Amino acid sequence: MTSQLDWSNLGFGYIPTDYNVRCWYRNGQWGEIEVSSSETINMHMAATSLHYGQEIFEGLKAFRGKDGKVRIFRLDQNAERIRESARGIKMEPVPEELFKQMVVKCVELNARFIPPYGSGASLYIRPLEIGMTAQIGVHPSSEYLFIVMVMPVGPYFKEGFRPTNICIMREFDRVAPKGTGRWKVGGNYAASLEAGERAHELGYSAVLYLDPREKKYLDECGPANFFAIRDGKYITPASESILPSVTNNSLQQLARDMGIPVECRHIELDELEHIDEAGACGTAAVASPVAQIHDLDTGKHYIISKDGEPGPITTKLYNKLRAVQLGDEEDVHGWNTIVEGI
Ligand code: PLP
Ligand code: COI
């Protein structure tokens, strides 16, 4: 089956693999890890995840290096973030060690789906947790199912590392000011679908959301954080309503390592007039350069990339991040978990 996969031309979509790994929380405790080859789950029609949105997820990647080793990028950060998401919507946090063990197991079991070095593709790991208790009253579940699945993926934006246009649209917010934006909750993505589809129909790769309180500051960019380069500095929004991106955190560290100052602060919309480069960063998006930002309400166009090419600092950061993930460069911050023997 993997022989039929064209590793260098994968998109970002569901591809069945051999196994997924599951664990139930029941009677106040997490049970044994179960390996499944079924792509479906059997659940009660009154489960809280179906009615009241008790669903959280994660996204991380494994890479095969030139040395043949498999590396999972920043596993600990995703383990921690899903626990934060769980606390945010009153779900049972998955113990960090259980999370790590299940992710590693799922990668091992599906090793034949890890794209080869040089293909540009990677193995996307999607952990998710859902409330399983049947109840119609609005309360948290007492039973949860945690599942880890994987699939080989290529670039999230079909353009890959080519600048795309994004848009600002004030008609929709994906989250509320003190809402669930800081957690990776399925409902946030449901709330983004209408705006996202409209943006796609108009030819944009994503929506650049403004802060939902004042619509004055930049927030984040569809399924990714936003960053920009201004006067040689890496700037990125500080906001209570965005997801703390592991990729953004990594790019900030890599920027500092290169001597590029980092500012994590409010970025007013007007500042877009003065930026030299911009990008959308995330596990799926990596660091996708932005060409132009169109404000659909005011008609204003911010031309970020004048020649239509990715900016030099964005390119440097992208290359450095990829090199660390693939093991081409030394992992000085200890970000990679090496999975032995696969
Ligand atoms: N913001 C949103 C809304 C996301 O869905 C993602 C993707 O996970 C990110 C930001 C980027 O986060 P990370 O770099 O941890 O993947
Ligand atoms: C990720 O980058 O891992 C995401 O979760 C983004 C998106 C595919 C929802």
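When a ligand or atom number is given, it counts from 1 through the structure's own listing order. Nothing here was measured: the structure is a model prediction, and the numbers come from that model.
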What's the verdict on salt bridge (charged side-chain N to carboxylate O under 4.0 Å, His left out) for Asp328 and Arg322, showing C-alpha distance, side-chain angles and the deciding distance?
CA-CA 8 Å; Asp328 288 342; Arg322 267 289 178 258; over 6 Å; no

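- Evaluation of the salt bridge (charged side-chain N to carboxylate O under 4.0 Å, His left out) test over residues 258-271, restricted to residues two or more places apart or in two chains, returns Arg230-Glu271, Lys233-Glu263, Glu263-Arg265, Arg265-Glu271.
- Contacts of Lys184 with ligand 2, taken as heavy-atom pairs under 4.0 Å, involve the side chain alone.
- For the residue pair Thr164 and Glu159, no side-chain donor N or O sits within less than 3.5 Å of a side-chain acceptor on the partner.
- Heavy atoms from other residues, nucleotides or ligands lying under 6.0 Å from NZ of Lys90 number 12 at most.
- Side-chain contact annotation: Asp211 with His266, donor-acceptor N/O pair under 3.5 Å absent.
- Within the listing of ligand 2, atoms 8 (C) sit less than 4.0 angstrom from a heavy atom of Tyr156.
- No single ILVMFWY cluster, assembled from side-chain heavy atoms under 4.5 Å apart, contains both Tyr217 and Ile242.
- Using a 4.0 Å heavy-atom cutoff, Arg126 is listed among the residues neighbouring ligand 2.
- Under a 4.0 Å criterion applied to the non-hydrogen atoms of Ala284, ligand 2 contributes the atoms 1 (C), 2 (O).
- Neither the backbone nor the side chain of Lys61 has any atom closer than 4.0 Å to an atom of ligand 2 (non-hydrogen atoms only).
- For ligand 1, the 4.0 Å heavy-atom shell contains residues Arg81, Arg174, Lys184, Tyr189, Glu220, Gly222, Pro223, Ala224, Asn225, Leu243, Ser245, Val246, Thr247, Cys281, Gly282, Thr283.
- Heavy-atom proximity to Phe57, at under 4.0 Å, picks out these atoms of ligand 2: 5 (O).
- Val324 belongs to a hydrophobic cluster whose remaining members, ordered by chain and number, are Phe63, Phe73, Tyr117, Phe161, Phe227, Ile229, Tyr234, Leu251, Leu254, Met258, Ile260, Val262, Val286, Ile313, Leu317, Tyr318, Leu321, Leu326, Trp335; membership requires side-chain heavy atoms of ILVMFWY residues under 4.5 Å apart, directly or through intermediates.
- The shortest distance between side-chain heavy atoms of Ser122 and Val153 falls below 4.5 Å.
- Of the candidates Phe12, Tyr124, Tyr189, the one placing a heavy atom closest to atom 3 (O) of ligand 2 is Tyr124.
- Membership of the apolar cluster around Val290 extends to Ile166, Ile168, Leu208, Leu210, Leu218, Phe226, Ile235, Ile267, Leu269, Leu272, Ile275, Ile293, Tyr302, Ile304, as traced through chained side-chain contacts below 4.5 Å between ILVMFWY residues.
- Comparing Ala280, Pro223, Cys281, Ala224 against atom 6 (C) of ligand 2, the shortest heavy-atom distance belongs to Pro223.
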Salt bridge (charged side-chain N to carboxylate O under 4.0 Å, His left out) between Glu80 and Arg83, intermediate numbers included:
CA-CA 5 Å; Glu80 197 180 309; Arg83 289 173 59 78; over 6 Å; no

